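Right, one structure below, let's go through it.
If you read the sequence from its start, that first residue is 1, and numbering goes on from there. Every value quoted in this text rests on a predicted model; they were computed, and no experiment measured them.
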Amino acid sequence: MTHRQAPAELGFGGAAIGNLYRPVGDDAARATIDAAWERGIRRFDTAPHYGFGLSERRLGDALADLDPGGSAIVSTKVGRVLRPVPDRDLAVERQGFVSPEPVESTFDYSRDGILRSFDASRGRLRRDRIDLLLAHDLGVMTHGADHRAQMATFLDGGYPAMRELRDAGAVGAIGIGVNEIAVCEELLTQVELDTILLAGRYTLLEQAALDTLLPRCAALGVAVIVGGPYNSGILASGTGPDARYNYETPPADIARRVDAIAALCARHGVPMAAAALQFPMAHPAVSAVIPGMADASEVAQAVTLATLPIPHALWHDLIDAGLIRADAPVLTETA
């Protein structure tokens, strides 16, 4: 077991303020962003897909007031363009969001698609320069049999466009925002990336990224941002009737592992959500962890969980029980 003294940065995942699965009013979304700012959070991640521009617009409006000097680190994504859907019922869930915006997202990794998406995002975010631009949801998990064609479009047109934006200073850094390890490995053999946002694949439940991806990122100097530290909520809420793992009902073996993790956490008096949030923060390749935050109370909870002292004995017990890998770094205990 290795140790890291300073944890990775806590950031703000912006899908929830784009009305992920349920409506969130403008005032409530603004209160959530305000709470994050007041609690010292200075990294904000969003995407055009999140509420079809709604998350970006809300974040841009808030930061225009809170951060007129542009000190916050803002990341957004490309790879989807927003197209009008005038006949859709905007009151129902569409592509995971309940959004009043009369558009929906369509994949487009072409040069033109990347540039148009970037320009539209700058307008919604009210920023000329974007700190981090990520190609969104490449990979077999999303595209299935169409993966090769989508990847070819990205490598031929989209990626060069991202490089040009970075070289021109319109973007501070470029990378990918994905949900699978394999596409990260694939791209690292072909192109230069500054950052990988990896959602749900380095958590208390999943540590395959330790095999080659995280060591490779550390060796190359590629910063890793961990999204989805709760694996869609199950590592925060436990295995109740509404539990979700990777957005679906958890398989029986996952539920058993979560129950075992929860039992050990309870034995040490540690909320499982605190262990889940702090676990990925300990890896030296990880620069930030960005849980989703749906309201001001979730912001306060995340800040508390990220700083809660966790005894070394809990990590040792999780390793001894075979619930986390022995080569997983953990944070040095704080009093």
Side-chain angles (χ1 to χ4, degrees), residues 1-11 13 43 45 47 73-79 109 114 118 129-143 147-148 150-203 206-229 279-290 324-331:
M1 180 190 295
T2 58
H3 302 86
R4 175 178 177 174
Q5 290 187 334
E9 181 182 8
L10 177 67
R43 179 184 290 270
D45 177 73
I73 297 173
V74 175
S75 56
T76 193
K77 305 179 183 75
V78 287
Y109 296 105
I114 296 297
F118 173 68
R129 181 181 184 274
I130 302 299
D131 300 286
L132 174 59
L133 191 66
L134 303 166
H136 203 183
D137 282 345
L138 289 157
V140 174
M141 183 181 294
T142 300
H143 298 291
H147 165 64
R148 286 183 180 275
Q150 297 282 17
M151 180 63 79
T153 299
F154 175 67
L155 292 174
D156 291 344
Y159 176 77
M162 293 176 71
R163 283 287 298 263
E164 290 172 20
L165 289 169
R166 187 189 65 181
D167 293 346
V171 168
I174 60 173
I176 56 174
V178 297
N179 300 288
E180 60 183 271
I181 293 171
V183 73
C184 301
E185 301 272 18
E186 178 182 354
L187 279 166
L188 285 173
T189 65
Q190 301 183 71
V191 297
E192 173 196 336
L193 300 174
D194 300 313
T195 301
I196 290 173
L197 194 169
L198 182 64
R201 303 285 80 80
Y202 186 58
T203 70
E206 299 192 34
Q207 290 122 53
L210 287 169
D211 291 338
T212 57
L213 178 60
L214 290 177
R216 190 173 184 183
C217 287
L220 293 171
V222 176
V224 177
I225 300 170
V226 170
F279 174 76
M281 286 181 161
H283 198 285
V286 175
S287 62
V289 177
I290 52 167
I324 62 172
R325 286 173 43 161
D327 58 342
V330 299
L331 291 171

Checklist entry - Among T195, D131, I130, D45, whose side chain to side chain contact (heavy atoms under 4.5 Å, CB included) with S75 holds? => result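 Answer to the side chain to side chain contact (heavy atoms under 4.5 Å, CB included) test with S75 among T195, D131, I130, D45: D45.
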
Heavy-atom pair of closest approach, residues [X] and [Y]:
{"X": "V191", "Y": "Y159", "value": "CB-CZ, 3.6 Å"}
{"X": "N179", "Y": "R201", "value": "O-NH1, 2.7 Å"}
{"X": "M162", "Y": "L133", "value": "CE-O, 3.3 Å"}
{"X": "G175", "Y": "L193", "value": "CA-CD2, 4.1 Å"}
{"X": "V183", "Y": "L138", "value": "CG1-O, 3.8 Å"}

Check whether any side-chain heavy atom of [X] lies under 4.5 Å from a side-chain heavy atom of [Y], and answer yes or no.
{"X": "Q150", "Y": "T142", "value": "no"}
{"X": "I174", "Y": "L165", "value": "no"}
{"X": "C184", "Y": "L214", "value": "no"}
{"X": "L134", "Y": "V178", "value": "no"}

Next on the checklist: Filter on salt bridge (Lys or Arg N to Asp or Glu O under 4.0 Å), then keep only pairs touching residues 207-223, sequence neighbours left out; what's left?
Outcome noted: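 Found E185-R216, D211-R325.
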
Next on the checklist: Before you tell me yes or no, could you show the steps for L132 and L197 under side chain to side chain contact (heavy atoms under 4.5 Å, CB included), namely the whole-Å CA-CA distance, both residues' side-chain angles and the distance that decides it to 0.1 Å?
Outcome noted: CA-CA 10 Å; L132 174 59; L197 194 169; over 6 Å; no

Checklist entry - For H143 and M151, what are the C-alpha separation, side-chain angles and deciding distance, and is it a side chain to side chain contact (heavy atoms under 4.5 Å, CB included)? => result CA-CA 10 Å; H143 298 291; M151 180 63 79; over 6 Å; no

Checklist entry - Parallel, tilted or perpendicular for F279 and Y202, by the 30°/60° rule? => result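 Rings of F279 and Y202: tilted, as their planes differ by 30° to 60°.
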
